[in-house]
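Per chain, numbering begins at 1; letters A, B, ... match sequence-line order.
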2 protein chains.
Amino acid sequence: MLPDLKIQPLRYVLAIVDHGGFHAAARQLHRSQPAVSMAVRELEARLGEALFEKGAQASLTPFGKYCVPRFRELILQHDRLSRDLLAQVERQAGHLDMAAVPSVASRLMPSLLSEFVERYPGIRVALHDGNADFVREQVLGGEVDIGLSSLWQPDEALTFTPLLRDKVGVVCRDDHPFADRASLHWRELAGETLIGNGTSRLLEGTEAEALLASPTFFISNMISLTASLVAGLGITTLPRLAFAEEYERLRFVPLECPVVERQVGLVRLAGRSLSPAAAAMAAFVVERLGESSGQGLGGHAPISQ
Amino acid sequence: MLPDLKIQPLRYVLAIVDHGGFHAAARQLHRSQPAVSMAVRELEARLGEALFEKGAQASLTPFGKYCVPRFRELILQHDRLSRDLLAQVERQAGHLDMAAVPSVASRLMPSLLSEFVERYPGIRVALHDGNADFVREQVLGGEVDIGLSSLWQPDEALTFTPLLRDKVGVVCRDDHPFADRASLHWRELAGETLIGNGTSRLLEGTEAEALLASPTFFISNMISLTASLVAGLGITTLPRLAFAEEYERLRFVPLECPVVERQVGLVRLAGRSLSPAAAAMAAFVVERLGESSGQGLGGHAPISQ
DNA sequence: GCAAGCGGTAAGTATTCCTTATCATATGCT
DNA sequence: AGCATATGATAAGGAATACTTACCGCTTGC
């Protein structure tokens, strides 16, 4: 019923109009003049009406005059779309949503993000932070494109790319007997007031699991937890990355026996591709965290694939 | 630089999305399934990014999800344009401007126009009236698509299609000695008070030319002219079609010697095509006036080509 | 009156598009 | 299980399109 207009012949028509002739248009289009002639004739046949007066110097028919601005409009739309899609693919535009656990979000992402926007100025990033369960759910539900977290258990629907190891240690106030120790054995914690937190389950399945039975307190909120530690309420265990170094009175002492560590990595939906922008971020994160990270944030190490 | 998206593959993508699969889409598009597959792959290659997840049941990648509404938008624009142009060509839409001399505009156009809009309900017509010079100028200047008028002299830039002959006669009041005459000879007018008007120059070059020397008055406006005639100011000559029959006290008496007639016809720019709507009107006018007109408007006759 | 411009035509070739036939894999049904 | 029937991908051949070069006829300008 309605004929499919091809973009090219429309472009030809506009070129003829703009350059005032078939020859000039052909030259500018890097085509031979007959190619232009024939394409226009084909288009006219398809429309059932002439666009150019026959015979003389190329001049538009009234119908042609009617068509030209409409052709121009359609081509404008087309080019806008084409340009837009190309920008997306080439990572010059786009946006992505990502989720990260608080430690990663606050300790690693700030510098990563600033480098990222420098490298991909057109891409907009939304960073959501929450605990590992939150990250998992956000990725599973498609609310975010990628997540940065540790995986408690493998999930069929998720792909996990390990990026760095993060060793658990004991956090205490600077006046605590542990404060100046270089390392600790789990049995030494036996008599202490141990405050549980969201990362405590890292100890599950290790020799130190017994400690989990004793905690008097469980504080999930990191601000409350650090405040409690500063107040001398007790001590806790945390992965190094989750230890807020800006609290002057708190000390981090590595747990050497057993060595407990979480793997922080990239979480994404299995079998689903990423948007170009998300792929850029994923590759960027892997590149920056997967090989030589550290940069003063000792205690966690990249994972060599 | 920016790739030309073809309309067809975009349609394929939408069909796949809407029908939930390559096979179903192919069926609905009257294409084979490989044709759809390959076209989509070609498009993906051109864009440099996959639109559908590979492997499983057809499902969009995030990039595909980004593209689909944009494809849909472009195709909507395209189809709107295609439909619009088709409607123009098929005379279901469009508009035209025409000019006509007052006699034609007031005596012939009303019924013609009502028939025209019945036959071409989508076409809008603007009718401008003015004397023959006005019509000529409007056509020459492109302000109107076609004109209905008589041509005083041939014009290289204009094409004139004669449609009907319109005989000149004498118009006088019902109490004038000529009022009941069946016809008149020009010499009988010698002693009369002759009011000149815009059509008087029709007498130029005929035996009756001498009359043009005498007129005491010249009144170009038709309303003023008829009012003057009703007032008994004098008599005048007019083509039959220009004689306003609705004035009860005026009479039209054919001039039999010499027989003077104007040719009323279609005026258009030579060598220029008409818009579809204008072409429809031109053909319609020729069809209705060129062969068997009359319909009680005696005194002018169609011109058999 | 000739040269140089225009657009149109013809014939051949390259490319694009679409077909049929076939495959590998995944889903559904006893 | 296991066969039947979906799915989408692939290969090879053919039809349609788009483009090329070569040439024609016409107008325009010196």
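- In this structure, A:L51 atom CG and C:dG8 atom P are separated by 12 Å, rounded to whole Å.
- Listed in residue order, the members of residues 15-29 of chain B having a heavy atom less than 4.0 Å from DNA chain C come to none.
- Near DNA chain C, meaning a heavy atom under 4.0 Å from it, residues 4-12 of chain B has B:K6, B:Q8, B:Y12 in order of number.
- By the 4.0 Å N-to-carboxylate-O rule, A:E287 lies close enough to A:R119 to be salt-bridged with it.
- When each of B:V125, B:L148, B:D129 is checked for a side-chain contact (heavy atoms from CB on, under 4.5 Å) with B:M109, only B:L148 meets the rule.
- Between B:F116 and B:Y120, the ring planes are tilted. Angles from 30° to 60° get that label.
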Could you list the donor-acceptor pairs under 3.5 angstrom formed between side-chain atoms of residues 266-274 of chain A and any protein atom two or more places apart in sequence or on another chain?
| residue | atom | partner | partner atom | Å |
| --- | --- | --- | --- | --- |
| A:R268 | NH2 | A:R272 | O | 3.2 |
| A:R272 | NH1 | B:E53 | OE2 | 3.3 |
| A:R272 | NH1 | B:L60 | O | 3.1 |
| A:S273 | OG | B:E53 | OE1 | 2.7 |
| A:S273 | OG | B:E53 | OE2 | 3.0 |

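- Scanning for side chain to side chain donor-acceptor pair (under 3.5 Å) contacts around B:E90 gives B:Q92, with sequence neighbours left out.
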* To do: For side-chain contact (heavy atoms from CB on, under 4.5 Å), just list the numbers for B:F71 and B:V17, CA-CA rounded to whole Å, side-chain angles, deciding distance to a tenth of an Å, and then say yes or no.
  => CA-CA 12 Å; B:F71 288 175; B:V17 171; over 6 Å; no
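- Checked against side chain to side chain contact (heavy atoms under 4.5 Å, CB included), A:Q57 has no partners two or more places apart in sequence or in another chain.
- Residues passing the side chain to side chain donor-acceptor pair (under 3.5 Å) test with B:S275, sequence neighbours excluded: none.
- Within the structure, ring-ring contact (aromatic ring centres under 6.0 Å, His included) contacts touching residues 78-98 of chain B (residues at least two apart or in different chains) do not occur.
- For DNA chain D, the neighbouring residues in residues 33-46 of chain A, judged by any heavy atom under 4.0 Å, are A:P34, A:A35, A:M38.
- In this structure, B:A283 has no side chain to side chain contact (heavy atoms under 4.5 Å, CB included) partners at least two apart in sequence or on a different chain.
- Taking the charged nitrogens against the carboxylate oxygens, A:K54 and A:E44 have no contact shorter than 4.0 Å, which rules out a salt bridge.
- Among pairs with a residue in residues 43-62 of chain A, those fulfilling ring-ring contact (aromatic ring centres under 6.0 Å, His included) read A:F22-A:F52, at least two apart in sequence or across chains.
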* Between protein and nucleotides 25-30 of chain D, map the contacts as a letter string: B base, S sugar-phosphate only, - none, heavy atoms under 4.0 Å, written 5' to 3'. => ------
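- Taking atom CZ of A:R31 as the reference point, atom P of D:dT17 lies 18 Å away to the nearest angstrom.
- Not counting sequence neighbours, the partners of B:A15 by the side chain to side chain contact (heavy atoms under 4.5 Å, CB included) test are B:H19, B:A25, B:Q28, B:L29.
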